[in-house]
2 protein chains.
Amino acid sequence: MLQRIDLLSKLEAQGIRLTAQRRALVETIQQTAGHLDVASLLEKARKRDSKIDRATVYRTIELLKKLELIDELDLMHLNGEKHYYEVRTQKDHLHLTCFRCGSVVEFTSSTFERLKREIAKENLFNIQVIRLEAGGLCQHCAEKNEGKN
Amino acid sequence: MLQRIDLLSKLEAQGIRLTAQRRALVETIQQTAGHLDVASLLEKARKRDSKIDRATVYRTIELLKKLELIDELDLMHLNGEKHYYEVRTQKDHLHLTCFRCGSVVEFTSSTFERLKREIAKENLFNIQVIRLEAGGLCQHCAEKNEGKN
DNA sequence: GTATTTGCAAAAGCTTTGCTGCAAC
DNA sequence: GTTGCAGCAAAGCTTTTGCAAATAC
């Protein structure tokens, strides 16, 4: 499993104090393994504090994105235009979304790391966020996919 | 410059007949160098046929996406949640968006091609669409960026 | 007491859809 | 005369915003 950063300690290291609601949101994000959309995050966080509002969720996500502690994904817009969020990992990784079954596979690769170094060096570009997503058919669905799209 | 496919001949090769409006839209997309959002595409296409409706634009884009003739981009949501479209190129490429000046640099790399082969082989994943976007600071803006975010 | 956050509701932005009439083959 | 497309308007989904009340320091 990919090593995810610890949000609370990073926030503390930056001297950022959290309100109770934001702490509940951060803890919910930290403790969720997969890819969270706003509606799911709100629902889960409300189990800790039923008063949390959608606007607070968006505002907290904005903060965490700005601090580069979470990443925003589209997952190929498989389920509409909403975004998904995940805790940053030590190594960047890419997401493979199956258009048929909706499964998402994560994948780290030294080639990806090399590509990032090339981007920085050849384009003299200072990467803050990088997002590599692919859509297609996972192995299982490709096998079932004889003749039919 | 990256070699873009020819939409009309690909469509013809697939036996797809276009209405006059769809042809106008396809030609507009083909002739536009950069990254088109729906509003810009509509505006440009209306110079050919002022009756074109937004719904027709969306329906035509949907068709071209399904046929894998155009790609959809987010460009790091620099200007809201809208999508951008571009004609498929012979080689996939990645997009570097500068958060400060909004410039978009495209970049092909044999390392990216290698990465795609690894994805297919190591994950047994059949890639239909791949999208690699990065956000950060371009060289010019990074240099101006002493001390300020 | 000042600054920041919350709650609520409304608005905004972009995309999709229903349906009627129209055009193509 | 079936089938698919266009036109229009409304609805849909997600995200953002304005502002008054509440909270934190």
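The chains referred to below are lettered A, B, ... by the order of the sequence lines, with proteins before strands, and numbering in each begins at 1. In this text the structure is predicted, and so the values were computed from the model without any measurement. What's counted below: heavy atoms across the whole structure, side chains too, no hydrogens, waters or symmetry copies.
Regarding B:Asn79, its CG atom lies at a distance of 15 Å from the C1' atom of D:dT16, rounded to whole Å. Summarising the geometry, the separation between OH on A:Tyr85 and P on D:dT14 is reported as 12 Å, rounded to the nearest angstrom. Between A:Arg46 atom CZ and C:dG7 atom C1' the separation is 11 Å, expressed in whole Å. With rounding to whole Å, A:Ile52 atom CD1 is found 13 Å from C:dC8 atom P. The separation between A:Tyr58 atom OH and C:dA12 atom C1' is 13 Å, rounded to whole Å. Rounded to a whole Å, the CG atom of A:Asp37 is 14 Å from the P atom of D:dC13. Rounded to whole angstrom, the span from the CG atom of A:Asp49 across to the P atom of D:dT23 amounts to 12 Å. Atom CZ of B:Arg22 is separated from atom P of C:dA24 by 14 Å (rounded to the nearest Å).
The phosphate of D:dA24 (OP1 or OP2) has no side-chain N or O of A:Thr19 nearer than 4.0 angstrom. Distances shown here put a side-chain N or O of A:Gln21 below 4.0 Å from the OP1 or OP2 atom of C:dG7.
Under 3.5 Å, the side chain of B:Arg59 and the base of D:dG7 form at least one donor-acceptor pair of N or O atoms.
Among the nucleotides D:dT15, C:dT15, D:dA6, the one closest to any side-chain atom of B:His83 is C:dT15.
Residue A:Arg54 is in base contact, counting any heavy-atom pair closer than 4.0 Å across all strands shown.
Place A:Arg17 and B:Thr56 on DNA chain D by their nearest nucleotides, and B:Thr56 ends up nearer the 5' end.
Taking a cutoff of 4.0 Å between a charged side-chain nitrogen and a carboxylate oxygen, B:Asp92 and B:Lys116 qualify as a salt bridge.
Within 6.0 Å of atom CD in A:Glu12, 12 or fewer heavy atoms from other residues, nucleotides or ligands are found, so the atom counts as exposed in its surroundings.
In this structure, A:Leu94 CG and A:Leu115 CG are separated by 10.0 Å, a value rounded to the nearest 0.5 Å.
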Using the rule given for side-chain contact (heavy atoms from CB on, under 4.5 Å), can you reason through A:His93 versus A:Phe107, listing the C-alpha separation, both sets of side-chain angles and the distance that settles it, and then say yes or no? CA-CA 5 Å; A:His93 56 282; A:Phe107 178 45; 5.9 Å; no

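Side chains of B:Thr28 and B:Arg48: a donor-acceptor N/O pair is present below 3.5 angstrom, by distance only.
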